[in-house]
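Report on one structure; see the data block that follows.
Heavy atoms only: backbone and side chains are in, while hydrogens, waters and symmetry mates are out. The first residue in the sequence is number 1, and the count goes up from there.
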Amino acid sequence: MDLAEQVRQVANIIDIAAQYTTLKQRGSKHVGLCPFHSEKTPSFTVDSDKQLYHCFGCGAGGDLFTFVMEKEDLSFPEAVKYLAEKYNIPIPEIKKRSPQHLKLEEKLYNITETALAFFRKNLFNTKEGEKALEYLKQRNITENVIQDLKIGYAMNNWDSLLSFFKGKNISQDLLEKAGLILKRQNKEGHYDRFRGRIIFPIFTLSGKAVAFGGRTLFDDDIKYLNSPDTPIYTKGKILYGLNISKETIRNEKDSILVEGYTDFSTLYQTDFRHCVASLGTSVTENQIAVLSRFSSKVIICYDGDEAGKKAAARAVFICKKREVNARVALLSEGMDPDSYIQKFGKDKFKDLLKNSIPGLNFLLHNFTKAKEAKTPEDKARAVKELLTKILANLQDPIVYSETIKEAAKHLVIDEELLRTTIKQKTVNLKTGKKESLLYAEKRLLQIFFENSSITSQIFKDLDLKYFEGLKSEPIFSFLAEFFKRGRSPDFNTLKENIDPSLMTLLSEALIEKGKAPTLEEAEDNLEAIKDFYITRRRKILTPQTTEAEKNKDETKISTLLKQKQDLTEDYTNQNPDN
């Protein structure tokens with residue numbers, strides 16, 4: 001049993017929460033004034049049976065560890081240690097676990113460094129490597145940048161790296177732990193994870209190679225492929241390129257945050273050397289915390305599509321929480337920093353950065369109707385969205401107050417009037433709150449978090465398409481990944497990867513009292529979600545088909561009719577008696 005599980009067995013969230021607020025028992029729950037925001041009427045609820053908390057005012061919620069992390073500003077490992085000390089649980093000393101753990105880490109570091117040398121040799125000393133170098137040349141990546149970033153190449157066959165390490169008597173088990181090879185599904189043996197790819201090594205701040213990212217040079221459905229988490233690498237804790245850009249960032253007192261290593265390499269090549277990449281759009285609090293050690297300012301420059309905008313919004317929220325001044329450089333649909341510089345050049349990108357907008361303005365423009373707020377009615381709607389989409393996710397009172405001040409300027413509203421309006425709307429929202437999840441969504445989440453055996457049975461053959469368009473879709477997608485790996489989800493990991501508003505909905509759902517879950521009930525609720533999906537898709541496809549028939553677009557008609565036929569089959573399978 002690991003230390004976190006030992007803490008869960010012993011600690012009680014009621015005892016911990018009671019150190020920050022006065023709680024009164026009401027049935028099986030305890031209520032009190034929220035320790036995360038100022039309030040006069042108790043809206044903070046703690047469930048001792050489920051060991052969860054939720055505030056119906058500000059939306060804060062989670063388990064014992066997230067509570068301590070928020071109140072004490074600690075990372076997850078620090079929160080575990082904090083609670084272990086409080087409950088007198090022995091904490092394993094590093095030297096006690098070091099003979100095995102540190103020996104494994106040392107082996108994995110050596111293997112990763114050896115793999116990097118192999119990839120580098122492939123790039124400069126093979127025929128395939130010549131093609132890879134030509135590709136980099138076409139991308140205007142110079143020899144100096146290739147050397148700075150230590151770019152390499154993975155040969156386009158199944159066991160090039162594996163055979164190389166066999167010659168060095170390195171076990172396949174260690175190579176798998178390092179994330180370099182994968183088990184074959186239908187037969188014995190392993191194969192290389194990276195094949196036919198430009199290799200971008202990922203380094204710690206001190207310059208140790210711990211993982212790799214690969215950009216395919218062939219017709220592969222997966223354009224970019226990254227190492228999995230390993231004993232020496234956790235994606236959400238490392239910013240790509242920070243090991244070589246940290247001093248420039250410190251000197252510039254500013255940084256540029258992009259999505260991946262391709263964007264980073266283009267910016268670095270173009271002398272924007274105060275940049276870092278989040279290795280995916282889900283930037284984490286850990287990453288922003290590390291970046292804030294070198295600069296308290298960041299310009300977020302993600303892809304110009306809807307997913308990029310949502311990721312930028314999440315990054316802005318995290319920056320506000322970590323007291324980092326965030327601005328957003330807006331790219332048009334279909335563009336990313338790499339393609340923008342390739343098309344328009346360095347000077348235009350410099351202008352784009354100069355014209356970046358404050359993070360709050362970005363949120364107001366893209367996630368509320370504030371950009372349309374010209375009439376008093378428009379402004380009233382924008383204020384409501386400001387409250388529900390932005391302010392509800394801010395917990396620091398100073399950041400909250402300053403955000404209102406900035407919003408008042410942006411909306412051209414008297415600041416005191418805005419504060420009064422928000423205070424009134426907060427009361428109204430508490431008394432007239434709307435359900436945001438379908439009952440079936442909410443009940444499935446409750447069952448999944450309460451009974452892991454039911455969850456594993458449901459997820460075994462679950463088709464995630466049925467959750468498309470539902471508010472809870474990101475949660476179920478994330479849960480599916482957990483259960484594929486045979487792991488149970490924890491609030492800390494969810495919190496790092498799920499939008500704060502969804503975490504609010506989840507904690508609110510889980511704090512509710514429900515009956516004992518059964519497999520039959522879970523299946524019934526899943527059937528209800530499937531029916532909802534089929535009905536919704538039919539409503540979407542019918543007008544699309546009518547429009548295609550009107551335009552005599554035979555190709556589109558054929559595609560839509562096939563989709564409708566698939567839905568009919570789905571419906572028949574769902575309702576065999578109809």
Side-chain angles (χ1 to χ4, degrees), residues 239-242 245 249 252-260 262-264 266-267 270 272 274-285 287-289 291-292 294-341 343-344 346-373 382 385-386 389-391 393-394 399-400 402-411 499-501:
L239 284 164
Y240 178 78
L242 187 57
S245 65
I249 290 173
E252 293 277 342
K253 297 184 174 142
D254 203 347
S255 59
I256 306 168
L257 176 65
V258 296
E259 178 179 345
T262 303
D263 290 332
F264 176 92
T266 301
L267 264 65
T270 324
F272 295 101
H274 54 304
C275 61
V276 291
S278 56
L279 292 168
T281 51
S282 295
V283 68
T284 66
E285 285 191 39
Q287 289 171 323
I288 295 299
L291 185 59
S292 68
F294 303 96
S295 171
S296 61
K297 295 179 183 178
V298 61
I299 299 175
I300 301 157
C301 190
Y302 279 166
D303 293 2
D305 57 13
E306 198 57 34
K309 288 178 182 177
K310 287 181 180 178
R314 172 178 165 75
V316 170
F317 280 127
I318 293 174
C319 286
K320 278 188 167 290
K321 186 173 181 181
R322 302 298 309 193
E323 298 179 4
V324 172
N325 179 11
R327 299 179 68 85
V328 179
L330 297 171
L331 292 167
S332 55
E333 181 78 29
M335 298 292 287
D336 56 33
D338 172 47
S339 60
Y340 188 93
I341 290 175
K343 184 173 182 178
F344 299 113
K346 173 182 176 180
D347 290 339
K348 284 287 186 183
F349 189 75
K350 191 178 288 185
D351 290 340
L352 182 77
L353 297 179
K354 282 181 182 176
N355 293 323
S356 61
I357 64 173
L360 176 64
N361 290 8
F362 170 76
L363 295 177
L364 289 169
H365 271 288
N366 288 278
F367 295 93
T368 75
K369 292 186 173 61
K371 58 184 173 183
E372 305 158 6
E385 288 188 313
L386 171 71
K389 294 184 178 181
I390 299 174
L391 294 177
N393 295 306
L394 301 178
V399 174
Y400 188 95
E402 287 300 307
T403 300
I404 292 177
K405 185 183 292 185
E406 291 176 45
K409 289 179 185 175
H410 184 83
L411 294 168
D499 187 88
S501 62

Verify, without hydrogens or angle tests, whether S295 (side chain) and D254 (backbone) share a donor-acceptor contact under 3.5 angstrom. yes
Between F344 and F349 (judged by ring centroids, cut-off 6.0 Å), do the two rings come close enough to count as a pair? no
Would you say that V328 contacts V316 through its side chain, given a criterion of any heavy-atom pair below 4.5 Å between the two side chains? yes
When you measure from the side chain of E406 to the backbone of T403, do you find a donor-acceptor pair of N or O atoms at a distance under 3.5 Å? no
Nearest-0.5 Å distance, CG of residue L267 to NZ of residue K346: 11.0 Å
If I compare all heavy atoms of L331 with all of Y340, which pair ends up nearest, and what's the gap? CD2-CD1, 3.6 Å
Mind checking what makes side chain to side chain contact (heavy atoms under 4.5 Å, CB included) contact with N325, not counting sequence neighbours? K297
Keeping T266 on the side-chain end and T262 on the backbone end, is there a donor-acceptor pair under 3.5 Å? yes
For I288 and V324: C-alpha separation, side-chain torsions, deciding distance, then whether side chain to side chain contact (heavy atoms under 4.5 Å, CB included) applies. CA-CA 8 Å; I288 295 299; V324 172; 4.0 Å; yes
Mark yes or no for whether R327, through its side chain, and I299, through its backbone, hold a donor-acceptor pair below 3.5 Å. no
Return the CE to NZ distance between M335 and K343, rounded to the nearest 0.5 Å. 5.5 Å
Please answer whether the main-chain N or O of D338 pairs with a side-chain N or O of D263 as donor and acceptor at a distance below 3.5 Å. yes
Between atom CD1 of I318 and atom CD of Q287, what is the distance when rounded to the nearest 0.5 Å? 8.5 Å
State whether the side chain of S339 and the backbone N or O of D336 hold a donor-acceptor pair below 3.5 Å, judged by distance alone. yes
Ignoring hydrogens, what is the shortest heavy-atom contact between A311 and Y302? Give both atom names and the distance. CB-CD1, 3.6 Å
L242 side chain near I249 side chain, heavy-atom distance below 4.5 Å: yes
So, for P337 and C301, which heavy atoms are closest and what is the spacing to 0.1 Å? CG-O, 3.4 Å
Quick one: does I256's side chain get under 4.5 Å of H274's, heavy atoms only? yes
Which heavy-atom pair separates G260 from A277 by the least distance, and what is that distance? O-CB, 3.5 Å
Report yes or no: does R314 contribute a side-chain atom to a donor-acceptor pair with the main-chain N or O of V283 at less than 3.5 Å? yes
Which heavy-atom pair separates I300 from A315 by the least distance, and what is that distance? CD1-CB, 3.6 Å
Does any N or O in the side chain of N361 come within less than 3.5 Å of the main-chain N or O of I357, such that one atom is a donor and the other an acceptor? no
Reported NZ-to-OG1 distance for the pair K350 and T270, which is rounded to 0.5 angstrom: 11.0 Å
Please give me the minimum heavy-atom distance between C319 and V298, naming the atom from each residue. SG-CG1, 3.7 Å
Can you list everything that forms a side chain to side chain donor-acceptor pair (under 3.5 Å) with S255? Sequence neighbours excluded, please. none
So do F264 and E259 actually touch side chain to side chain, heavy atoms under 4.5 Å? no
Verify side chain to side chain contact (heavy atoms under 4.5 Å, CB included) between F294 and K253, making sure each step is shown before the conclusion. CA-CA 7 Å; F294 303 96; K253 297 184 174 142; over 6 Å; no
In Å, rounded to the nearest 0.5 Å, how long is the span from OG of S278 to CG of L239? 7.0 Å
Using a 4.5 Å cut-off on heavy atoms from C-beta on, say whether the side chain of L363 contacts that of F317. yes
